[in-house]
Amino acid sequence: MFERGALVHYHEIGLKGRNRSVFERRLRDNLEAALAGMPVERVERISSRLLVRVTDHSRIDEVCRTVAAIPGVSYAAPVYITSRDEHDMHAAALLALAEVPDAKTFAIEARRSNTDHPVSSMEMNRRIGQHVVDATGLSVDLGDPDVRCHVEVVQGEAYLFSRKFPGVGGLPVGTAGTVVSLLSAGIDSPVATWRIMKRGAVVVGVHFSGRPQTDDRSERLVTELGEVLGRSGGIGRIYTVPFGDLQREISLAAPPDLRVLLYRRLMIRVAERFAALEGAKALVTGESLGQVASQTLDNMAAVDDAATLPVLRPLSGSDKVEIIADARRIGTFELSTVDHTDCCTLFMPRTPATRATVAEVRAAEEGLDIERMVAEAVSSAVYRDFGSPAYRGPKRLPEGVTAAAEPR
Ligand code: ATP
Ligand code: MG
């Protein structure tokens, strides 16, 4: 009998002063994209929240879950939408409280966004609370109730709810610019990508596969990872680069212990080409300090020497247990543990350098035609788009770069 909706709360956006309406509009557009095909009306902005009216009430939890997964949302609440008439609010409070079945104690928490409503929040708490006590036998506990029924009164209507779906937090994708993420099919880089995306960046991935020296399994896994990460609206595109022959070339010309670093430096340069094309302002990797031999401070410095853009390492201070917990939460862990050959393990020496210097890696590159290698890598890239509402691809692509043929 009452209309229903998902009430969307966000907190960080409120801190952004003048940018506020930009942020709200971005979040609204991202939510609309995520909710396409679901039984909802347009997303409305209502005094520092968003409201999505749900037309098929049986699917309201599904709508809330979808909303809660979008960066920028602090929580989504399945609400009963009523008039500001006292009887309506009483009836809706009983329905909202009934959604938490085993509760014995409750509290009403009313809040008015418009002081044009004649009844104060305190008085509303008291009146609705009394009605609930009379109708149900539940008892009031203001300190530590089993359930809190929130009543939010705005211009013209009121929203009542007693459940919340916690959101992922962060900022709406598209409010922090674009980054290029070096995305492998491993555990770490999808998590690093997610963390940066959650801070409002649109991500363009670049994946290097071992093809033609290996099969294309890592490419297919990265595409699937892109789909999982893309559900939150932050993956614009992923470029896949067959890298095996270039690695072979490096391995024939360079000292074995520096191979991995030279692969990385070449990857960084190729990623920067795509960054320039996409207007991206930083690169992202999944490195974590000291996790493996190649991730020492010396080696990071030796790799960064090949970069001109900032290289963000959102996992640098996280340990594996924390990273795996994140991977499970965001749904990438299963895919990241499927067996595949990572291109970095191709032509891998027994003892990779752990403390390379910039001078050493530069010297090792002297015999290589780096410019040609970068150009070759870029021109053999294949890309796929992942439907981010905040992403616009470049108008022109370098010769040779093509869209993936098969549907994803
Ligand atoms: P991951 O779990 O992300 O694969 P890792 O623990 O295997 O990382 P490394 O192999 O040292 O660590 O890779 C470090 C980072 O370099 C990765 O997190 C990723 O950002 C980048 N990288 C490594 N291999 C590739 C690849 N094949 N394609 C794109 N980026 C890669
Ligand atoms: Mg890896």
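Atoms within each ligand, like the ligands themselves, are counted from 1 in listed order.
For residues 315-324, the salt bridge (Lys or Arg N to Asp or Glu O under 4.0 Å) pairs, not counting sequence neighbours, are Asp188-Lys320. The salt bridge (Lys or Arg N to Asp or Glu O under 4.0 Å) contacts involving residues 28-39 comprise Glu32-Arg42, where partners must be two or more places apart or lie in separate chains.
Each of the atoms 20 (O) of ligand 1 lies under 4.0 Å from some heavy atom of Thr285. Ligand 1 places these atoms under 4.0 Å from at least one heavy atom of Ile187: 2 (O).
Remark: Lys104 does not engage Asp141 in a salt bridge, criterion side-chain N to carboxylate O under 4.0 Å. Between Arg195 and Asp326, at least one side-chain N (NZ, or NE/NH1/NH2) sits under 4.0 Å from a carboxylate O, which counts as a salt bridge. The pair Arg273-Glu371 meets the salt-bridge criterion, since a charged nitrogen lies less than 4.0 angstrom from a carboxylate oxygen.
Among protein heavy atoms, atom 27 (N) of ligand 1 sits closest to Phe208 O, 2.8 Å. Protein heavy atom in closest approach to atom 11 (O) of ligand 1: Gln295 NE2, 2.9 Å. Of the protein's heavy atoms, Ser184 CB, 3.6 Å lies nearest to atom 25 (C) of ligand 1. Nearest to atom 20 (O) of ligand 1 among the protein's heavy atoms is Leu182 O, 2.7 Å. Of the protein's non-hydrogen atoms, the one nearest atom 17 (C) of ligand 1 is Gly286 N, 3.9 Å. Looking from atom 5 (P) of ligand 1 to the surrounding protein, the closest heavy atom is Asp188 OD2, 3.6 Å. The shortest contact between atom 24 (N) of ligand 1 and any protein heavy atom is with Cys344 SG, 3.6 Å.
Here the closest heavy-atom approach between residue Ala34 and residue Ile70 is recorded as CB-CD1, 3.6 Å.
Looking only at side-chain heavy atoms (C-beta outward), Arg126 and Val140 stay at 4.5 Å or farther from each other.
Any N or O atom pair closer than 3.5 Å counts here, and Met267 shares no such pair with ligand 1.
Among Arg264, Glu219, Glu287, the residue whose heavy atom lies nearest to atom 13 (O) of ligand 1 is Arg264.
Atom 7 (O) of ligand 1 is not flagged as protein-proximal [any protein heavy atom, distance under 4.0 Å].
Ser388 contributes a side-chain N or O that, together with a main-chain N or O of Gly233, makes up a donor-acceptor pair within less than 3.5 Å. With Thr105 contributing its side chain and Asp146 its backbone, the two residues share a donor-acceptor pair below 3.5 Å.
When non-hydrogen atoms are compared, ligand 1 lies under 4.0 Å from neither the backbone nor the side chain of Val260.
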